[in-house]
2 protein chains.
Amino acid sequence: MNAEDHAAKPRPARPELDLNQFLPYRLSNLADRVSQGLSTIYSARFGISIPEWRVLAWISHKDVLTAKQISEFTRMDKARVSRAVNALERRGLISRTPSDDDQRVQFLRLTGQGETLLAELIPEAHAWEARVVATLSAAEYRDLFNIIAKLERQLTRIDQR
Amino acid sequence: MNAEDHAAKPRPARPELDLNQFLPYRLSNLADRVSQGLSTIYSARFGISIPEWRVLAWISHKDVLTAKQISEFTRMDKARVSRAVNALERRGLISRTPSDDDQRVQFLRLTGQGETLLAELIPEAHAWEARVVATLSAAEYRDLFNIIAKLERQLTRIDQR
DNA sequence: CTTTTATAGTTGCACTCAAAACTATATAGA
DNA sequence: TCTATATAGTTTTGAGTGCAACTATAAAAG
């Protein structure tokens, strides 16, 4: 039985919130499911946590990064980055080399082992993404990225005030 | 200096991962920022946590719900729902009435106080959403919801295998 | 009936997280 | 130069989380 069937119920004048037409709700639902689905690949199969995956992905993308930079790119707390970096180094997937200019800074790079792992992981991640977006037309796919970019710029604008 | 400037670096044949063209990355970034931005409204201003907001929103949407149903709609763990429901009841925002048919089940409803709070909160949430999507054309807005729906259906399909 | 199996909701526990405090180093100002 | 302030990264801590165990009730099977 559906609660809405009680048409008789006297409704106080209350603003309606239709969650299916509420962007934050739809967006967080979708992103959740996407992250969840993708993480089964790198978590179950490669023993990598979400923060670790993000760190790996960015180092792979940029070749050399500091923890600070990763924290900015991923917008993860620096404490979270610190722990992920530690875990990845312990597993031999990345290396740290202290900067000569600034003793506080460490440059992070993939090790051979890290490269090998990503060489397996990245194609699977791409394949998974491809399955998900297979339902979209080329135009929709393009539109989606454009819309996301627009929304992000707008959020930045709003933040600045 | 950009690490990519070292054109000399001998690259092993490794699959590239361009995060800006990787949907899970863009999506989780955006959803994160949207949730974050919205939560400042109900968290800072009304002392409501994210799980509590979700529970309130769904009860408001459906009038009467059980914890089980909320857990399904929000895809939150039932423990998380249980704790949010407890907190909301302690604050007098929702009421529980045990089902006559099944002693295990409790029907959850907004109290007058809960209605009042949502009457303030919902318009503000809508206003915030409106500011964010103000950057989109009507067509883009429509497309966005269609694309999200398509992707969710596809994820359900993938899950089922 | 009586026993088994399923279900709604709660609680305990180990783990994760974000914020703050802290350490070590670097830069700016007096 | 000495002191104050800022910054990179780590550690600590309190709160929140998911999982699994548990309680109470209900439904199904024997």
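Convention: sequence-line order gives letters A, B, ...; per-chain numbering from 1.
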Asker: Could you tell me how far apart B/I50 (CD1) and D/dG18 (C1') are, to the nearest whole angstrom?
Answerer: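 Nearest whole value for this atom pair: 16 Å.
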Asker: Could you tell me the separation between the CZ atom of A/R96 and the CZ atom of A/R109, rounded to the nearest 0.5 Å?
Answerer: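 It comes to 13.5 Å.
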Asker: Whole angstroms only, please: what is the CZ-P distance between B/R80 and C/dT16?
Answerer: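 Whole-Å distance recorded here is 16 Å.
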Asker: Taking the nucleotide of DNA chain C with the closest heavy atom to each, which residue, A/D100 or A/M76, is nearer the 5' end?
Answerer: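 Nearest nucleotide further toward 5': that of A/M76.
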Asker: May I have the distance from A/L88 (atom CG) to D/dT10 (atom C1'), rounded to whole angstrom?
Answerer: 16 Å
Asker: Given atom CG of B/D101 and atom P of D/dA27, what is their separation to the nearest angstrom?
Answerer: 9 Å
Asker: Is the backbone of B/L23 close enough, under 3.5 Å, to the side chain of A/E129 for a donor and an acceptor to pair up by distance?
Answerer: yes
Asker: Are A/W58 and B/Y25 close enough that their ring centres sit under 6.0 Å apart?
Answerer: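 Yes, close enough.
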Asker: Are the charged groups of B/R45 and B/E120 less than 4.0 angstrom apart, N to O?
Answerer: no
Asker: Can you check whether B/L56's main-chain N or O pairs, donor with acceptor, with B/S60's side chain at less than 3.5 Å?
Answerer: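 Side chain of B/S60 to backbone of B/L56: no pair is present.
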Asker: Could you write nucleotides 6-13 of chain C as a row of B, S and -, 5' to 3', where a protein heavy atom under 4.0 Å of any base atom gives B, of only sugar-phosphate atoms gives S, and otherwise -?
Answerer: BBSBBBB-
Asker: Using side-chain hydrogen bond (donor to acceptor under 3.5 Å, both in side chains), reason through B/T156 and A/R33 one step at a time and then give a plain yes or no.
Answerer: CA-CA 9 Å; B/T156 303; A/R33 293 182 66 172; 2.9 Å; yes
Asker: Expressed in angstrom and rounded to an integer, what is the separation of A/Q103 atom CD from D/dT10 atom P?
Answerer: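 Rounded to the whole Å, the gap is 14 Å.
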